[in-house]
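Presented below is the structure to which this report refers.
Index from 1, following the sequence.
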Amino acid sequence: MLYGKEHVQRYRETDGAEGHDWNNTTVLLLTTKGRKSGKPYTTPLIYQPHGESYVVVASKGGDPDHPDWYKNLQVNPEVEVQIKGDTFRAATRTAGSQERPELWRLMTATWPDYDEYTKKTDREIPIVVLEPAR
């Protein structure tokens with residue numbers, strides 16, 4: 001099973017033929033700029049399309065702290081996204097309280113473990129909307 005750096009490498013080498021479809025869901029590659037280093041960091045994340053945008057969840061498996069990629073985009077909200085062979089720039093934002101319930105249902109339908117992750121942490125797990133800059 002693909003995971004971490006190997007997942008990113010195989011996804012890139014095959015334009016997502018290996019790595020996009022993963023564990024009965026879909027994965028994109030999100031590249032953020034390090035908030036301290038300024039270096040690019042790429043993370044494979046479960047996603048779902050929503051209108052013209054894409055949605056990801058900053059769950060970190062229910063860890064008490066936000067994942068590094070989320071901390072990075074809070075400082076540098078412009079990211080690069082790869083979905084299969086399509087790579088594009090996107091602006092990011094954390095979903096607001098009005099849209100959060102609908103987006104949470106969308107994401108738990110594709111990855112039910114998100115509901116379990118909420119039981120492991122006191123933080124509200126952020127839902128991130130990726131808005132392509134095409």
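- Note that the OH atom of Y70 and the CD1 atom of I125 stand 11.5 Å from one another [nearest 0.5 Å].
- A distance-only check finds a donor-acceptor pair linking the side chain of R123 to the backbone of S59 [under 3.5 Å].
- The neighbour count for K71 NZ, taken as heavy atoms of other residues, nucleotides or ligands under 6.0 Å away, is above 12.
- With sequence neighbours excluded, the residues forming a side-chain contact (heavy atoms from CB on, under 4.5 Å) with K39 are S37, Y41, listed by chain and number.
- In terms of heavy-atom proximity, W69 sits nearest to L45 at NE1-CD2, 3.6 Å.
- Using a 4.5 Å heavy-atom threshold, the side chains of Y114 and I127 count as separate.
- One finds no salt bridge joining E102 and R105 here, because no Lys/Arg side-chain nitrogen approaches an Asp/Glu carboxylate oxygen to under 4.0 Å.
- Separating the CD1 atom in I46 from the CG atom in N24 is a distance of 10.5 Å, to the nearest 0.5 Å.
- Taking 4.5 Å as the limit, every side-chain heavy atom of V57 sits out of range of all side-chain heavy atoms of V128.
- Of all non-hydrogen atoms in S53 and P132, the two that sit nearest each other are CA-CD, 4.1 Å.
- At least one donor-acceptor pair closer than 3.5 Å links the side chain of N72 to the backbone N or O of R35.
- Closest heavy-atom contact between A95 and L103: CB-CD1, 3.7 Å.
- Among residues two or more places apart in sequence or in another chain, the side-chain contact (heavy atoms from CB on, under 4.5 Å) test is passed with S97 by none.
- Using a 4.5 Å heavy-atom cutoff, the side chains of T43 and T32 are not in contact.
- Among residues two or more places apart in sequence or in another chain, the ring pair (Phe, Tyr, Trp, His ring centres under 6.0 Å) test is passed with H20 by Y47.
- Remark: R93 pairs with E99, V129, E131 by the side-chain contact (heavy atoms from CB on, under 4.5 Å) rule, at least two apart or across chains.
- For T110 (side chain) and M107 (main-chain N/O), no donor-acceptor pair under 3.5 Å exists by modelled atom type.
- Contacts classified as salt bridge (Lys or Arg N to Asp or Glu O under 4.0 Å) and involving residues 43-63 (residues at least two apart or in different chains) are given here: K60-D63.
- In this structure, V81 and I83 approach most closely via the heavy-atom pair CG1-CG1, 3.9 Å.
- To the nearest 0.5 Å, atoms CG (D21) and OG1 (T26) are separated by 7.5 Å.
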Check residues 73-80 and write down every donor-acceptor pair under 3.5 Å in which the side-chain atom is one partner and the other belongs to a residue at least two apart or another chain.
| residue | atom | partner | partner atom | Å |
| --- | --- | --- | --- | --- |
| N76 | ND2 | K33 | O | 3.4 |

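- Y54 and P49 get closest at one heavy-atom pair: CD2-CA, 3.8 Å.
- From E124, atom CD reaches atom OG1 of T118 across 10.5 Å, with rounding to the nearest 0.5 Å.
- Closest heavy-atom contact between P40 and T31: CB-CG2, 3.8 Å.
- Using a 3.5 Å distance cut-off with no hydrogens or angles, the side chains of W22 and Y11 do not pair a donor with an acceptor.
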